[in-house]
Q: 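Below you will find the structure I want to go over with you.
All values below come from the heavy atoms of this structure, side chains included, with hydrogens, waters and symmetry mates left out. What you see is a predicted model; the values in this text were computed from it and never measured.
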Amino acid sequence: MNDTSFPTFAPAGTTATPLHVIDADNLDAIPAAARTWADSCGFKAAAGATLCVPGPDGAIAMALVGQGTAASRKRTRFAVAAAARKLPAGTYAIASGLTGPDLAEAALGWLLETYDFARYRSAKPAAAQLVAPDGVDAERLQIIAAGEVLTRDLINTPTNDMGPADLEDAARSLADRHSARISVTVGDDLLTQNFPMIHAVGRASATPPRLIDMTWGTAGPRLTLVGKGVCFDTGGLNIKPGSSMGLMKKDMGGSATVLGLAHMIMALNLPVRLRVLIPAVENAISANAFRPQDILTSRKGLTVEINNTDAEGRLVLADALALASEEDADLVISMATLTGAARVAVGTDISPFFTDTDDHAAALTAAASRIKDPVWRLPFHDPYEDLIEPGVADLDNAPAGGMAGATTAALFLRRFVDRPYIHFDIYGWNAAAKPARPKGGVGMGARAILDALPDLLGL
């Protein structure tokens, strides 16, 4: 991880152009010196609209950015961040229009808007820089932005450069940065160390499967993050159609998100004992690929009938969750691009999560609202347990019927966890650019978790 690649605020003390954030419901807030110019230019303060106001010498004296109406703000996050790419090159400082959490949201959004995935082409960075507003925790916001950039870069990188071994390298780099401890179990050693389902899913790939295990911190509550690291998913022998395979480089989005969150936690030096577990595999096709109707025995001893090799994420997560439960963790959180059913339920902009603990759900919901990282609770519905019990084995990895797919997948995972547990079924991708969230890989739920940790863990 190279600090120079992370978005930062302009250095303190930099001469900056005043930037006024204007509510479309209150155009009278436009500074008096700019009202005539704004009127003549037809500036109505629509969300993300910008206007440069010249001074007597023709140079830019101030700039305006719209945040829309109260109604439109319910539809748009990070509207002010759009100014980072619309304003001319220079340094700007928010002079009016925002306070408190809204000011922090705008500042973070500005940092995130400057992201550009440039590994394979020349970058075109945003030309406008922002001075950290007074009253915001600039260091914290820059750390959060850095974690999000890590997540985006990992997801955006194609599998030829982000296979299981490359994902291990990324985890090792993060561990080195924060003096964390890391161990990795690779290939047939997974069988020796009793991770049979991780091995079964990944054994058909030319790159051996592995379990990445990173730990950090020596005091405080134990938090274990488990991220799905399926670096590409062909669907296995139940091969996906081409239209469904096009975004499968993002099937390691859960691992990318927990690594980004881990960076935030470690860089902020939170008082927790952190563990990160990532089963990193490629679900490929070859003569030794696992098959439909195979019955696998998991690390926990539960047997699993394979009714669809394209439901592989829950298999690798199950072995990792079983390992997480062998330690006295105070909280286990899994994150995975797991089911299409979750997208049908809540779309691509919301991170659905499952928990049996109402206090955890309340803490996450409140945090998500505060920091504009939307989440939604879905049910661990116990009456659906029989749907994942096939009769010939303890569990079915792909229940027939096509109903409640996100819930049955979550119930499957819950069978392997004996600790307080939250599961996120995320998407990890923006189909179209939005303020602070360009098209491509994106972190989902991590900022909400970070903000909720004091309540989740009693910090």
Q: Check residues 75-82 and write down every donor-acceptor pair under 3.5 Å in which the side-chain atom is one partner and the other belongs to a residue at least two apart or another chain.
A:
from, atom 1, to, atom 2, distance (Å)
Arg77, NH1, Lys372, O, 2.9
Arg77, NH2, Asp349, OD1, 2.7
Arg77, NH2, Asp349, OD2, 3.2

Q: Given 3.5 Å as the limit, does a donor-acceptor pair link the side chain of Asn283 with the main chain of Thr234, or not?
A: no

Q: Taking atom CZ of Phe117 as the centre, report whether more than 12 heavy atoms of other residues, nucleotides or ligands fall under 6.0 Å from it.
A: yes

Q: Treating Thr365 as the side-chain partner and Ala362 as the backbone partner, does any N or O pair qualify as donor plus acceptor under 3.5 Å?
A: no

Q: Trp110 side chain to Ala128 main-chain N or O, any donor-acceptor pair under 3.5 Å?
A: yes

Q: Should we say atom CG of Asp356 is surrounded by more than 12 heavy atoms from elsewhere, each under 6.0 Å from it?
A: yes

Q: Within a strict 4.5 Å, meaning less than it, do heavy atoms of the Arg140 and Leu268 side chains meet?
A: yes

Q: Quick check against the 3.5 Å criterion: does Asn308 have a side-chain atom that pairs as donor or acceptor with the backbone of Asn397?
A: no

Q: Quick one: does any side-chain atom of Ser369 pair with a main-chain N or O of Ala366 as donor and acceptor, under 3.5 Å?
A: no

Q: Could you tell me which residues satisfy side chain to side chain contact (heavy atoms under 4.5 Å, CB included) with Ala409, sequence neighbours excluded, listed by chain and number?
A: Arg314, Leu338, Thr339

Q: Would you say Asn430's side chain and Ala432's backbone share a donor-acceptor pair under 3.5 angstrom?
A: no

Q: Return each pair, listed once, that meets side chain to side chain donor-acceptor pair (under 3.5 Å) where at least one residue sits in residues 438-450; pairs must be two or more places apart or across chains.
A: none

Q: If every non-hydrogen atom of Gly68 is compared with every non-hydrogen atom of Asp23, which pair is closest and at what distance?
A: O-OD1, 3.3 Å

Q: Give me the atom names and distance for the closest heavy-atom approach of Leu317 to Leu413.
A: CB-CD2, 3.8 Å

Q: Would you name the heavy atoms of Ala324 and Ala329 that are closest together and state the gap between them?
A: O-CB, 4.4 Å

Q: For residues 451-459, run the donor-acceptor check on the side chains, cut-off 3.5 Å, and write out each pair with its distance to 0.1 Å, sequence neighbours left out.
A:
from, atom 1, to, atom 2, distance (Å)
Asp451, OD2, Arg370, NE, 2.9
Asp451, OD2, Arg370, NH2, 2.6

Q: What residues form a side chain to side chain contact (heavy atoms under 4.5 Å, CB included) with Asn269, not counting sequence neighbours?
A: Trp216

Q: Side-chain donor-acceptor pairs under 3.5 Å in residues 39-65, sequence neighbours left out?
A:
from, atom 1, to, atom 2, distance (Å)
Ser40, OG, Thr36, O, 3.3
Ser40, OG, Trp37, O, 2.8
Asp57, OD1, Ala59, N, 3.0

Q: Check whether Thr357 reaches the backbone of Asp359 with its side chain - one donor and one acceptor, N or O, closer than 3.5 Å.
A: no

Q: Any pair with a residue in residues 333-359 that passes ring pair (Phe, Tyr, Trp, His ring centres under 6.0 Å), sequence neighbours left out, goes on the list, sorted by first then second residue, please.
A: Phe353-Phe424, Phe354-Phe380, Phe354-His423

Q: State plainly whether the residues Arg273 and Asp330 are in salt-bridge range, i.e. N to O under 4.0 Å.
A: no

Q: Taking distance alone, no hydrogens or angles, what donor-acceptor pairs closer than 3.5 Å link side-chain atoms of residues 153-168 to residues at least two apart or in another chain?
A:
from, atom 1, to, atom 2, distance (Å)
Asp153, OD1, Tyr115, OH, 2.6
Asn156, OD1, Gly441, N, 2.7
Asn156, ND2, Tyr115, OH, 3.1
Asn156, ND2, Arg152, O, 3.1
Thr157, OG1, Asp153, O, 2.7
Thr159, OG1, Cys231, O, 2.8
Asp161, OD2, Tyr120, OH, 2.6
Asp166, OD2, Gly163, N, 2.9
Glu168, OE1, Arg210, NH1, 2.6
Glu168, OE2, Arg172, NE, 2.8
Glu168, OE2, Arg172, NH2, 3.2

Q: Start with the C-alpha gap between Leu174 and Met266, add the side-chain angles, then the distance that decides, and say whether side chain to side chain contact (heavy atoms under 4.5 Å, CB included) holds.
A: CA-CA 10 Å; Leu174 185 65; Met266 293 186 289; 3.9 Å; yes

Q: Is there a donor-acceptor pair closer than 3.5 Å between any side-chain N or O of Asn238 and the backbone N or O of Thr309?
A: yes

Q: Would you give the length of the straight line joining atom OG1 of Thr224 to atom CG of Asp213, rounded to the nearest 0.5 angstrom?
A: 9.0 Å

Q: Could you tell me which residues satisfy ring-ring contact (aromatic ring centres under 6.0 Å, His included) with Tyr421, sequence neighbours excluded, listed by chain and number?
A: none

Q: Find the distance between CD (Gln142) and CG (Leu111) and round it off to the nearest 0.5 Å.
A: 6.0 Å

Q: Could you give all pairs that pass the side chain to side chain donor-acceptor pair (under 3.5 Å) test and reach residues 13-22, with sequence neighbours left out?
A: His20-Ser96

Q: For Glu385, check side chain to side chain contact (heavy atoms under 4.5 Å, CB included) against everything at least two apart and list the hits.
A: Asp382, Ile388, Leu411, Arg414, Arg415

Q: Got a donor-acceptor contact below 3.5 angstrom from the Arg275 side chain to the Arg222 backbone?
A: no

Q: With sequence neighbours left out, which residue pairs that include part of residues 244-253 fulfil the side chain to side chain donor-acceptor pair (under 3.5 Å) condition?
A: Lys228-Asp251, Asp251-Thr337

Q: Is there a donor-acceptor contact under 3.5 Å from the side chain of Thr151 to the main chain of Ala256?
A: yes

